[in-house]
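These notes concern the structure reproduced below.
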Amino acid sequence: MELRIEQHALTEAVAWAARVLPTRSPVPLLGGLLLEAEGDRLRVSGLDHEASARVETEAETIRPGRALVMGRRLLDVCRVLPEGPVTAAVDSPSRLTLGAGGARFGLSLLPLQDHPAPPGVPEVRGEVDAPAFAAAVAQVAAAAGRDETLPALTGLRLALTSGTLTLAATDRYRYALRTIPWKPTGAGLPSAAAPETEAPATETAETGVSAAEAVETAAHAVEALVPARRLAELTRALATEPGTLTVALDDGTLALATSTRRATTRLLEGRLPRHDKLFALDDTPATATLDRAPLTEAVKRVAVVADRDSPIHLTFTGDTVHLQAGHEDDVASQHVPAHLDGEAPLTVAFNPAYLLEALTTFEASTLHLHLQGPGQRALLTAGPTHQHLLMSMRTPGV
């Protein structure tokens with residue numbers, strides 16, 4: 001194998017594929033990146049037991065072939081190569097040589113015959129706008145669990161229908177839900193079923209999906225439970241390319257692809273709790289309408305004095321909300337404008353970290369906080385396509 005390629009293109013391709021390589025593995029071959037040169041393309045691939053990544057980039061192939069190199073060492077070398085053309089060549093059965101601008105590096109090759117085969121490509125289900133999907137994943141992944149002893153709760157559920165793509169995640173104390181439009185192309189996707197109970201039938205200009213349909217979609221869909229943190233990382237990287245993502249799915253694997261990049265990840269076993277009844281807050285006694293930016297800044301400011309797991313109290317009157325945190329001599333408070341539709345005053349308390357993470361996932365300037373009272377569920381919304389459920393805390397002062 002021998003090829004010429006620009007340093008920045010090689011570095012970008014190697015960095016993309018190396019993102020799935022394990023940091024520590026009893027199988028050294030899983031630390032390898034497979035380089036394949038043919039025609040005007042270089043393909044770089046990496047995999048471990050849970051994920052894979054492949055990218056194609058332009059290159060001038062002098063001698064087609066394949067080589068398996070330790071990926072992180074190759075990435076380190078690519079980053080320090082001088083800018084400009086790079087020559088990469090297998091000049092012996094055991095060595096890959098890279099040269100650019102007078103610098104030369106020799107890297108040991110791994111045995112190609114022992115490298116695991118890449119996972120198969122699942123059935124294509126449809127296409128989704130890459131930046132919109134990445135943003136939705138980031139908004140929902142904030143609510144996913146971090147406790148690896150409860151693996152299902154570290155997942156993000158994707159529910160696919162012919163009308164919407166619904167994302168959901170929960171760690172038992174909060175539950176995020178997001179729906180976005182997409183273009184299904186695969187067979188066998190169900191339509192969103194009609195709701196069993198009456199709900200507002202208003203549609204959003206963004207998706208054309210009613211509020212009732214947004215809540216009911218996940219109960220009538222093809223579903224997958226994907227590791228939330230890995231999915232957020234992959235979609236964030238894939239969204240750097242404008243255009244659409246192809247979504248492919250089978251019983252054990254999710255694949256996402258652009259025209260030049262493809263990533264797969266293993267699905268998690270288990271299911272998330274259903275959100276349908278949790279999000280049905282028709283009997284909400286009070287709803288507060290607030291400007292997101294000043295509320296977010298106030299929570300950040302007041303939470304500075306809050307000890308770990310101590311709450312931040314929000315007391316709503318007719319036209320303001322009073323935030324307070326801390327105890328004894330270390331206290332902080334601030335007033336923020338808010339309109340409360342319901343009986344006032346009303347005081348609720350939240351974990352400040354959970355509240356702040358929820359607020360920062362929204363992009364809308366105005367938010368609605370549907371309140372059931374101290375120690376009860378509270379639903380933060382910016383319309384039917386983005387909802388974040390929080391459990392309020394019952395404290396002696398509330």
Side-chain angles (χ1 to χ4, degrees), residues 12-22 30 32-34 36 41-57 71 115-138 140-141 144 151 154-162 164-169 178 180-190 218 221-270:
E12 183 178 346
V14 171
W16 162 256
R19 69 182 59 247
V20 300
L21 298 181
L30 291 180
L33 285 181
L34 180 62
E36 301 173 279
R41 312 296 288 175
L42 170 66
R43 181 184 300 126
V44 185
S45 309
L47 58 83
D48 67 4
H49 293 301
E50 298 183 351
S52 71
R54 190 187 76 180
V55 58
E56 291 186 358
T57 188
H115 193 242
V121 179
E123 178 186 357
V124 173
R125 302 287 185 166
E127 296 178 345
V128 63
D129 180 75
F133 185 54
V137 169
V140 172
T154 67
L156 188 154
R157 182 175 67 218
L158 299 179
L160 315 177
T161 73
S162 61
T164 58
L165 191 159
T166 302
L167 305 90
R178 184 79 167 89
I180 59 174
W182 83 313
K183 181 182 178 182
T185 56
L189 289 179
V222 173
E223 292 188 358
L225 189 60
V226 189
R229 297 174 73 177
R230 186 178 290 275
L231 182 61
E233 178 186 352
L234 290 177
T235 53
R236 185 169 58 248
L238 286 166
T240 59
E241 291 189 6
T244 60
L245 284 177
T246 298
V247 180
L249 178 67
D250 62 18
D251 291 337
T253 303
L254 171 73
L256 302 172
T258 67
S259 59
T260 59
R261 301 182 180 190
R262 187 182 75 195
T264 69
T265 182
R266 174 187 60 86
L267 302 183
L268 295 172
E269 296 181 355

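Quantities reported herein were computed from a predicted structural model and do not represent experimental measurements.
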- Note on the structure: Tightest non-hydrogen contact, residues Ala232 and Ala141, listed as CB-CB, 4.4 Å
- Passes side chain to side chain contact (heavy atoms under 4.5 Å, CB included), Leu21 versus Leu33? Steps please. CA-CA 8 Å; Leu21 298 181; Leu33 285 181; 4.0 Å; yes
- Are Glu12 and Arg261 close enough for a salt bridge, meaning some N to O gap below 4.0 Å? yes
- Does a side-chain heavy-atom distance below 4.5 Å link Ser52 with Pro119? yes
- Find the distance between OG1 (Thr246) and CD (Glu127) and round it off to the nearest 0.5 Å. 4.5 Å
- Between CZ on residue Arg125 and CG on residue Leu254, distance to nearest 0.5 Å: 10.5 Å
- May I ask you to test the Thr154-Pro227 pair for a side-chain heavy-atom distance under 4.5 Å? no
- Message: Does any part of the side chain of Val247, heavy atoms only, come nearer than 4.5 Å to the side chain of Leu256, both counted from C-beta?
- Response: yes
- Could you walk me through whether Thr260 and Trp16 pass side chain to side chain contact (heavy atoms under 4.5 Å, CB included), step by step? CA-CA 11 Å; Thr260 59; Trp16 162 256; over 6 Å; no
- In Å, rounded to the nearest 0.5 Å, how long is the span from CG of Leu249 to CD of Glu123? 8.5 Å
- Message: Which heavy atom of Ala130 sits nearest to which heavy atom of Leu245, and what is that distance?
- Response: CB-CG, 3.8 Å
- Item | Side chain proximity check, Thr166 to Arg157, heavy atoms < 4.5 angstrom | no
- Message: So which atom in Ala144 and which in Gly155 form the shortest heavy-atom distance, rounded to 0.1 Å?
- Response: CB-O, 4.2 Å
- Verify salt bridge (Lys or Arg N to Asp or Glu O under 4.0 Å) between Glu36 and Arg54, making sure each step is shown before the conclusion. CA-CA 11 Å; Glu36 301 173 279; Arg54 190 187 76 180; over 6 Å; no
- Item | Short side-chain donor-acceptor distance under 3.5 Å, Thr253 and Thr264 | no
- For Pro122 and Ala248, work out which heavy atoms get closest and say how close. O-CB, 3.6 Å
- Query: Just wondering, do Val55 and Leu42 contact through their side chains at under 4.5 Å, heavy atoms?
  - Reply: no
- CG on Leu267 to CG on Asp250, rounded to 0.5 Å: 7.0 Å
- Item | Heavy-atom side-chain proximity of Leu234 to Arg19 below 4.5 angstrom | yes
- Query: Looking at side-chain heavy atoms only, is the closest gap between Leu47 and Pro116 below 4.5 Å?
  - Reply: yes
- Item | Euclidean distance, Leu160 CG relative to Leu167 CG, rounded to 0.5 Å | 9.0 Å
- Could you walk me through whether Leu156 and Val137 pass the side chain to side chain contact (heavy atoms under 4.5 Å, CB included) test, one step at a time? CA-CA 8 Å; Leu156 188 154; Val137 169; 4.1 Å; yes
- Message: Using the rule given for side chain to side chain contact (heavy atoms under 4.5 Å, CB included), can you reason through Phe133 versus Ile180, listing the C-alpha separation, both sets of side-chain angles and the distance that settles it, and then say yes or no?
- Response: CA-CA 8 Å; Phe133 185 54; Ile180 59 174; 3.9 Å; yes
- Message: So Glu50 and Arg230, do their side chains get closer than 4.5 Å, heavy atoms only?
- Response: yes
- Message: Quick check: closest heavy atoms across Leu225 and Gly270, and the distance to 0.1 Å?
- Response: CD2-O, 3.6 Å
- Could you tell me the separation between the CG atom of Leu34 and the CZ atom of Arg43, rounded to the nearest 0.5 Å? 8.5 Å
- Task: Compare every heavy atom of Ala136 with every heavy atom of Arg178, then report the nearest pair and how far apart it is.
- Result: CG-CB, 3.8 Å
